Amino acid sequence: MIAVAGTLVADIVLRSVPQWPEKGGVVCVDLIQANHGGAVANTGLALERMGIPVTALATVGGDDLGIMVRSKVSTWATHNAVGVDASSRTTACIVAVAEDGDRSFIVMAGACDRFVLTEAQVEQVILSGSRALHVGYALLLPAFDGERLRRALRRAGTLGALTSLDVSWHKSDQWPSLLTVLPEIDVFCPNLAEAQAITGKTEPMQAAAALVAAGVRKFVAVTDGNRGAYVHVVGEGQEHLPALPVNVADTTGAGDCFVAGVLAAWYRGFPWRTAARIGIGAAALAVASPERYQHLRSWAQVLERCQAARERGPGASGARCV
């Protein structure tokens with residue numbers, strides 16, 4: 001089992017949005033859909049689709065959106081440990097998906113701001129059978145960020161669990177503060193903008209190396225959209241892996257799905273470089289569907305996608321995305 005903890009939000013997805021309406025204006029879209037999102041929903045659901053049992057740890061509000069989100073978690077989580085803060089509203093996000101698959105967001109703060117994972121809770125989760133703890137998104141969990149996050153990850157590591165951290169890009173001057181947390185992390189897969197903000201390094205390979213130098217213990221991947229992923233396996237060196245050909249429908253959850261692929265491969269005993277390729281294959285399936293993870297159905301399917309890409313070779317054409 002893998003424990004996935006942190007942000008869990010109600011997503012109101014608008015697709016496809018040709019342009020944002022002017023004040024008092026109207027724009028017609030193809031779909032308006034309520035769903036759950038954030039690191040817990042995205043990474044947890046992708047892991048479950050790839051056959052990995054999941055414990056979900058998060059906080060929602062005592063409102064209708066919280067009921068909806070918690071119910072959706074129960075459809076895929078082996079253990080639904082999502083708590084309810086009756087005094088809060090559920091953190092919510094309007095996701096506007098443009099015609100090219102890119103996204104814009106409108107966010108309302110809520111119960112995610114109250115989420116905390118104590119060392120005692122970590123012990124309970126690990127001793128109950130979770131082999132890894134994945135936390136997302138750091139710097140968006142104000143009650144948990146900083147020393148509490150560091151102690152929780154350290155406790156998981158001392159109990160023998162793999163530790164993984166995820167982040168989500170936003171404008172902030174706090175990104176370098178994550179350097180103090182990195183020595184407690186085994187796996188870290190930020191995108192290029194996030195890695196640059198943390199390390200101050202412009203080039204992806206330099207940023208990946210800087211994250212390892214700062215303390216990440218086993219595996220770093222800096223993802224860069226249609227340019228693929230820049231992988232640094234501690235003790236083995238670096239490699240650039242290209243993205244796979246895909247017609248992009250919606251990039252929502254692509255980074256979370258990449259992480260899920262890496263963790264699912266690790267869970268099954270694959271080496272880190274193979275895990276990175278599996279992460280790319282999983283992300284390619286994720287972005288190919290206008291509905292989140294509709295095309296991501298099984299572990300075997302991800303392996304088939306990766307094998308097909310190897311057989312096609314580096315000269316394949318098509319849009320690409322990680």
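These numbers were taken from a predicted model, which means no experiment stands behind them.
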Q: Identify the heavy atoms of Ala138 and Leu178 that sit nearest to each other, and give their distance.
A: CB-CD2, 3.8 Å

Q: When rounded to the nearest 0.5 angstrom, what distance separates CD1 in Ile126 from CG in Leu133?
A: 6.0 Å

Q: Could you measure the distance from the SG atom of Cys189 to the CD atom of Glu194? Nearest 0.5 Å is fine.
A: 10.5 Å

Q: Mind listing the closest non-hydrogen atom pair of Ala284 and Arg305 along with its distance?
A: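 Distance-wise, the nearest heavy atoms are CB-NH2, 4.1 Å.
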
Q: Does Arg217 use its side chain to pair, donor to acceptor, with the backbone of Thr163 at less than 3.5 Å?
A: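 Here the side-chain-to-backbone pair does not exist.
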
Q: Would you please name every residue forming a salt bridge (charged side-chain N to carboxylate O under 4.0 Å, His left out) with Asp145, sequence neighbours left out?
A: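 Not a single residue meets the salt bridge (charged side-chain N to carboxylate O under 4.0 Å, His left out) criterion with Asp145.
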
Q: Step by step, would you call Gln196 with Gln206 a side-chain contact (heavy atoms from CB on, under 4.5 Å)?
A: CA-CA 9 Å; Gln196 290 170 335; Gln206 293 176 354; over 6 Å; no

Q: Any side-chain heavy atom of Leu162 within less than 4.5 Å of one from Lys218?
A: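 Leu162 reaches Lys218 side chain to side chain.
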
Q: Kindly write out the residues that satisfy ring-ring contact (aromatic ring centres under 6.0 Å, His included) with Phe270, not counting sequence neighbours, or none if the list is empty.
A: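 Phe270 satisfies ring-ring contact (aromatic ring centres under 6.0 Å, His included) with Trp299 once adjacent residues are dropped.
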
Q: Which atom pair, heavy atoms only, marks the closest approach of Pro183 to Ala214?
A: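 For Pro183 and Ala214, the tightest heavy-atom pair comes out as CG-O, 3.5 Å.
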
Q: Between Leu211 and Leu241, is there shared hydrophobic-cluster membership here, with clusters defined by ILVMFWY side-chain heavy atoms closer than 4.5 Å?
A: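 Not linked; separate clusters.
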
Q: Spell out, as yes or no, whether a donor-acceptor pair under 3.5 Å connects the side chain of Thr223 to the backbone of Ala229.
A: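 No, the answer is negative, given that no donor and acceptor are paired below the 3.5 Å cut-off.
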
Q: Given His240 and Met205, is the side-chain contact (heavy atoms from CB on, under 4.5 Å) satisfied, shown in steps?
A: CA-CA 8 Å; His240 171 247; Met205 285 300 195; 4.0 Å; yes

Q: Spell out, as yes or no, whether a donor-acceptor pair under 3.5 Å connects the side chain of Gln121 to the backbone of Thr118.
A: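 Present.
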
Q: Can you pull the side chain to side chain donor-acceptor pair (under 3.5 Å) pairs that have at least one residue in residues 260-272, sequence neighbours excluded?
A: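 Residue pairs with at least one partner in residues 260-272: there are none.
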
Q: Would you confirm whether Ser130, through its side chain, and Ala132, through its main-chain N or O, come within 3.5 Å as a donor-acceptor pair?
A: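 No; judged by distance alone, with no hydrogens or angles, the pair does not exist.
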
Q: Can you tell me how far CZ of Phe144 sits from SG of Cys112, rounded to the nearest 0.5 angstrom?
A: 12.5 Å

Q: Could you tell me if Asp63 and Thr90 have a donor-acceptor pair between their side chains, going purely by distance under 3.5 Å?
A: yes

Q: Of all the heavy-atom pairs spanning Glu48 and Val54, show the shortest one and how long it is.
A: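 Between these two residues, the closest heavy atoms are N-CG2, 4.2 Å.
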
Q: Side chains of Asp256 and Tyr293: does their closest heavy-atom pair fall under 4.5 Å?
A: yes

Q: So which heavy atom on Met108 is nearest to which on Arg89, and how close?
A: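 Looking at all heavy atoms of both residues, the shortest contact is CE-CB, 4.1 Å.
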
Q: Linking I/L/V/M/F/W/Y whenever their side-chain heavy atoms sit closer than 4.5 Å, directly or via other members, would Val122 and Val4 fall into one cluster?
A: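 Different hydrophobic clusters.
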
Q: Are side-chain heavy atoms of Thr43 and Ser164 found at a separation under 4.5 Å?
A: no

Q: Among the clusters formed by ILVMFWY side chains lying less than 4.5 Å apart, do Val234 and Ile198 turn up in the same one?
A: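 Yes, it is one cluster - the side chains of Val234 and Ile198 are joined through contacts under 4.5 Å.
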
Q: Establish whether Val135 and Ile2 are linked, either directly or via other cluster members, by ILVMFWY side-chain heavy-atom contacts under 4.5 Å.
A: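 In one cluster: no.
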
Q: Nearest heavy-atom pair of Ala161 and Asp186: which atoms, and what distance?
A: O-OD2, 3.9 Å

Q: Heavy-atom distance under 4.5 Å between the side chains of Leu57 and Val82, does that happen here?
A: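 Not in contact.
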
Q: To the closest 0.5 Å, what do you measure between CG (Asn35) and SG (Cys93)?
A: 11.5 Å

Q: May I have all residue pairs that pass salt bridge (charged side-chain N to carboxylate O under 4.0 Å, His left out) and include part of residues 151-169, sequence neighbours excluded?
A: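 Listed once each, the pairs are Glu119-Arg151, Glu123-Arg155, Glu147-Arg151, Arg154-Glu184.
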
Q: Please determine if Arg15 and Asp30 form a salt bridge, counting it only when a charged side-chain N lies under 4.0 Å from a carboxylate O.
A: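 No, this pair does not count.
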
Q: Is there a path of hydrophobic side-chain contacts, each under 4.5 Å between heavy atoms of I/L/V/M/F/W/Y residues, joining Ile185 to Val125?
A: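 The answer is yes; both residues are in one hydrophobic cluster.
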
Q: Are any of the side-chain heavy atoms of Leu141 and Leu149 separated by less than 4.5 Å?
A: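 In short, these two side chains do not touch, never coming nearer than 4.5 Å.
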
Q: Using the salt bridge (charged side-chain N to carboxylate O under 4.0 Å, His left out) criterion, which residues pair with Arg148? Sequence neighbours excluded.
A: none

Q: Could you tell me the separation between the OG atom of Ser177 and the CZ atom of Arg150, rounded to the nearest 0.5 Å?
A: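 Going from OG on Ser177 over to CZ on Arg150, the span is 12.5 Å.
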
Q: Output yes when a side-chain donor or acceptor of Ser104 lies under 3.5 Å from a complementary backbone atom of Ala96, and no otherwise.
A: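 Side chain of Ser104 to backbone of Ala96, a donor-acceptor pair under 3.5 Å: no, none is there.
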
Q: Please test Val95 against Leu14 for side-chain contact (heavy atoms from CB on, under 4.5 Å), starting from the C-alpha separation and ending with a verdict.
A: CA-CA 6 Å; Val95 184; Leu14 314 179; over 6 Å; no

Q: Would Val302 and Leu296 count as a side-chain contact (heavy atoms from CB on, under 4.5 Å) if you check the C-alpha gap in whole Å, the side-chain angles of each, and the deciding distance to 0.1 Å?
A: CA-CA 7 Å; Val302 175; Leu296 176 64; 3.4 Å; yes

Q: With sequence neighbours left out, what residues match His170 under ring-ring contact (aromatic ring centres under 6.0 Å, His included)?
A: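 His170: ring-ring contact (aromatic ring centres under 6.0 Å, His included) contacts with Trp175.
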
Q: Would you call Val262 and Ile278 a side-chain contact if the rule is heavy atoms closer than 4.5 Å?
A: no

Q: Nearest 0.5 Å, please: how far is CZ in Arg114 from CG in Asp85?
A: 4.5 Å

Q: Any chance the side chains of Asn80 and Ser74 put a donor and an acceptor closer than 3.5 Å?
A: yes

Q: A side-chain contact here means heavy atoms from C-beta on lying under 4.5 Å apart; do Val9 and Val60 qualify?
A: no

Q: Side chains of Glu99 and Pro18, heavy atoms from C-beta outward: is any pair under 4.5 Å?
A: yes

